[in-house]
Amino acid sequence: MFSLDGRVAIVTGASSGLGAVFARTLAEAGADVVLAARREDRLAGTREAVERAGRRAVTVRTDVSRPEDCQALVDTAMAEFGKVDVLVNNAGVGTAVPATRETPEQFRSVIDVNLNGCYWMAQACGRVMQPGSSIVNISSILGLTTAGLPQAAYAASKAGLIGLTRDLAQQWTGRKGIRVNALAPGFFASEMTDSYAEGYLESQMGRVLMNRPGDPEELAAALVFLVSDAGGYVTGTTLPVEGGLLTS
Ligand code: NAP
């Protein structure tokens with residue numbers, strides 16, 4: 001039930017961090033993968049990892065904040081593979097700016113990528129996806145709680161993504177047979193977490209029942225569950241994968 005043999009997946013933000021692990025893991029489960037992000041040189045590394053897993057990969061330079069880029073990405077996937085079974089809306093940016101100092105441009109740029117970009121991608125995929133397809137939006141525990149930093153834009157974008165997930169599931173599950181879910185990761189090693197101030201991650205670990213950050217493979221396993229037949233009765237939901245942080 002966890003096999004993705006013969007499926008075609010799009011992963012945004014596949015040039016680093018979690019997106020690169022998601023792409024490789026989907027390929028190991030059997031999917032061909034369309035890889036999207038702005039840094040093409042970094043996408044090439046992920047393409048090699050997918051190919052090492054024995055699957056086909058195509059890279060498409062994409063800025064998800066541009067609806068025309070999102071449409072072009074889906075058009076390329078359709079031209080190369082003839083279908084899109086899975087969308088992983090993973091591209092995201094993190095910021096921490098005190099609310100009294102955050103400029104409209106700073107706030108808008110985070111919403112534009114983390115929330116609007118996921119909607120442009122879902123719209124373009126929703127137009128071509130066939131019954132049995134599945135979308136997973138990568139939200140965050142920051143959509144559900146706080147974590148000690150001033151993150152209004154990031155938290156609003158990730159909470160918005162949970163609402164978007166619920167509504168697209170309502171619109172598309174019954175009518176189109178497309179399941180729509182979200183993952184809410186806790187702390188996982190990536191370029192985003194590498195940029196945290198020294199001591200920040202450690203300061204949050206006391207809240208995590210597992211007492212450690214997550215291994216990206218542990219998140220990718222939850223992704224495979226959601227997009228495969230194993231998750232066939234799951235839609236409209238947000239699955240936290242956070243080592244128990246939300247209990248605190
Ligand atoms: P990361 O290594 O910084 O990866 C972010 C990815 O998003 C990069 O591939 C980046 O590629 C892409 N991206 C950023 N802006 C983009 C744009 N405008 N258009 C297309 N792609 C764009 O961080 P990560 O931790 O793996 O984050 C992946 C996702 O997980 C994000 O949505 C993040 O909010 C979420 N998340 C992460 C954690 C964690 O602990 N790591 C926890 C909760 C949620 P380019 O720069 O090449 O475009």
Side-chain angles (χ1 to χ4, degrees), residues 10-25 33-47 49 59-74 87-96 108-121 124 136-147 149 151 153-162 164-165 182-196 200-201 204-205 207-208 210 212-220 222-223 238-243 245-246:
I10 295 177
V11 179
T12 68
S15 58
S16 68
L18 301 178
V21 177
F22 291 155
R24 178 179 46 76
T25 307
V33 193
V34 182
L35 308 163
R38 294 165 304 174
R39 290 171 296 173
E40 283 182 296
D41 53 326
R42 296 286 303 266
L43 285 176
T46 311
R47 185 179 60 218
T59 64
V60 185
R61 194 198 172 281
T62 308
D63 180 343
V64 295
S65 69
R66 296 164 51 91
E68 58 275 30
D69 278 21
C70 295
Q71 187 60 54
L73 167 59
V74 176
L87 166 65
V88 185
N89 259 329
N90 166 76
V93 287
T95 53
R108 285 195 190 106
S109 68
V110 175
I111 301 290
D112 248 359
V113 176
N114 292 8
L115 179 59
N116 300 351
C118 292
Y119 190 41
W120 313 144
M121 282 304 307
V136 173
N137 296 316
I138 307 303
S139 177
S140 167
I141 49 161
L142 267 296
L144 297 162
T145 187
T146 55
L149 294 174
Q151 290 187 290
Y154 187 78
S157 72
K158 295 299 186 180
L161 208 40
I162 291 171
L164 186 74
T165 300
L183 282 171
F187 294 100
F188 291 84
S190 74
E191 286 182 15
M192 197 177 278
T193 50
D194 285 351
S195 68
Y196 289 156
Y200 168 69
L201 212 50
Q204 294 300 307
M205 281 307 116
R207 298 171 67 185
V208 177
M210 299 292 293
R212 62 169 175 85
D215 181 332
E217 308 279 342
E218 294 170 315
L219 189 60
L223 174 68
T238 296
L239 174 61
V241 182
E242 31 61 282
L245 182 147
L246 289 171

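All of these numbers come straight from a predicted model, not from anything done at the bench. First listed ligand is number 1; within each ligand, the first listed atom is number 1. Just so it is clear, the values below take in all heavy atoms, side chains as well, and ignore hydrogens, waters and symmetry mates.
The atoms of ligand 1 that sit less than 4.0 Å from any heavy atom of N90 are 28 (C), 29 (C), 30 (O), 31 (C), 32 (O). Atoms of ligand 1 found under 4.0 Å from any heavy atom of V93, numbered from 1 in the order shown, are 14 (C), 15 (N). Counting the atoms of ligand 1 from 1 in the order shown, those under 4.0 Å from a heavy atom of S139 are 44 (C). Atoms of ligand 1 lying under 4.0 Å from at least one heavy atom of S16, given by number and element, are 1 (P), 2 (O), 4 (O), 8 (C), 9 (O). Near F187, meaning under 4.0 Å from one of its heavy atoms, ligand 1 places the atoms 40 (O). Atom numbering of ligand 1 starts at 1 in the shown order; those under 4.0 Å from a heavy atom of G17 are 2 (O), 26 (O). Listed by number with element, the atoms of ligand 1 under 4.0 angstrom from any heavy atom of T62 are 19 (N), 20 (C). Interface of D63 with ligand 1, defined as ligand atoms under 4.0 Å from a residue heavy atom, comprises 17 (C), 18 (N), 19 (N).
Surrounding CE of M210 are at most 12 heavy atoms belonging to other residues, nucleotides or ligands under 6.0 Å away. Applying the 6.0 Å contact sphere to CZ of F188 captures more than 12 heavy atoms from other residues, nucleotides or ligands.
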Next on the checklist: Show, in sequence, the C-alpha distance, side-chain angles and deciding distance for I162 and L144, and conclude whether the side-chain contact (heavy atoms from CB on, under 4.5 Å) test is met.
Outcome noted: CA-CA 9 Å; I162 291 171; L144 297 162; 3.8 Å; yes
Next on the checklist: Using side-chain contact (heavy atoms from CB on, under 4.5 Å), reason through T193 and Y200 one step at a time and then give a plain yes or no.
Outcome noted: CA-CA 10 Å; T193 50; Y200 168 69; over 6 Å; no
Next on the checklist: Let's go through R24 and E217 carefully: what are the C-alpha distance in whole Å and the side-chain angles of both, what is the deciding distance for salt bridge (charged side-chain N to carboxylate O under 4.0 Å, His left out) to 0.1 Å, and is it a yes or a no?
Outcome noted: CA-CA 10 Å; R24 178 179 46 76; E217 308 279 342; 2.6 Å; yes
Next on the checklist: Assess the residue pair L73 and V34 against the criterion (side-chain contact (heavy atoms from CB on, under 4.5 Å)); give the C-alpha distance rounded to whole Å, side-chain angles, the decisive distance to 0.1 Å, and a yes or no.
Outcome noted: CA-CA 8 Å; L73 167 59; V34 182; 3.6 Å; yes
Item to check | Candidate pair V74 and M121, rule side-chain contact (heavy atoms from CB on, under 4.5 Å), full reasoning | outcome: CA-CA 8 Å; V74 176; M121 282 304 307; 4.0 Å; yes
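With atom 30 (O) of ligand 1 as the reference point, the heavy atom nearest to it among L219, I138, L201 is part of I138. Ranked by closest heavy atom to atom 3 (O) of ligand 1, the top entry among M192, R39, E40 is M192.
Looking at K158 against ligand 1, only its side chain comes within 4.0 Å, counting heavy atoms. Here V113 has side-chain heavy atoms under 4.0 Å from ligand 1, and that is the only part of it that gets that close.
Ligand 1 does not have R66 within reach: every non-hydrogen atom of the residue lies 4.0 Å or more from it. For G186, the heavy-atom gap to ligand 1 drops under 4.0 angstrom. Residue contacts with ligand 1: T12 is excluded, as none of its non-hydrogen atoms falls under 4.0 Å.
Between G13 and ligand 1, at least one N/O pair is under 3.5 Å apart. The shortest N or O to N or O distance between I141 and ligand 1 is not under 3.5 Å.
Protein heavy atom nearest atom 16 (C) of ligand 1, with residue, atom name and distance: R38 NE, 3.5 Å. With respect to atom 25 (O) of ligand 1, the closest heavy atom belonging to the protein is S190 OG, 2.5 Å. Of all protein heavy atoms, the one closest to atom 5 (C) of ligand 1 is G92 O, 3.5 Å. Counting only heavy atoms of the protein, atom 43 (C) of ligand 1 lies nearest to P185 O, 3.4 Å. In terms of protein heavy atoms, atom 9 (O) of ligand 1 is closest to S15 OG, 2.8 Å. Scanning the protein heavy atoms around atom 34 (O) of ligand 1, the nearest turns out to be Y154 OH, 2.5 Å. Atom 22 (C) of ligand 1 has A91 CB, 3.7 Å as its closest protein atom, hydrogens excluded (heavy atom only). Closest to atom 39 (C) of ligand 1 among all protein heavy atoms lies F188 O, 3.5 Å.
Looking at T145 and R207, their side chains come closer than 4.5 Å, going by heavy atoms from C-beta outward. Residues V64 and D69 form no side-chain contact, since every pair of their non-hydrogen atoms from C-beta on lies 4.5 Å or further apart.
Contact detail for V33 and L35: the closest heavy-atom pair is CG1-CD2, 3.6 Å.
Among residues two or more places apart in sequence or in another chain, the side chain to side chain donor-acceptor pair (under 3.5 Å) test is passed with T62 by none. With sequence neighbours left out, S15 forms a side chain to side chain donor-acceptor pair (under 3.5 Å) with R39.
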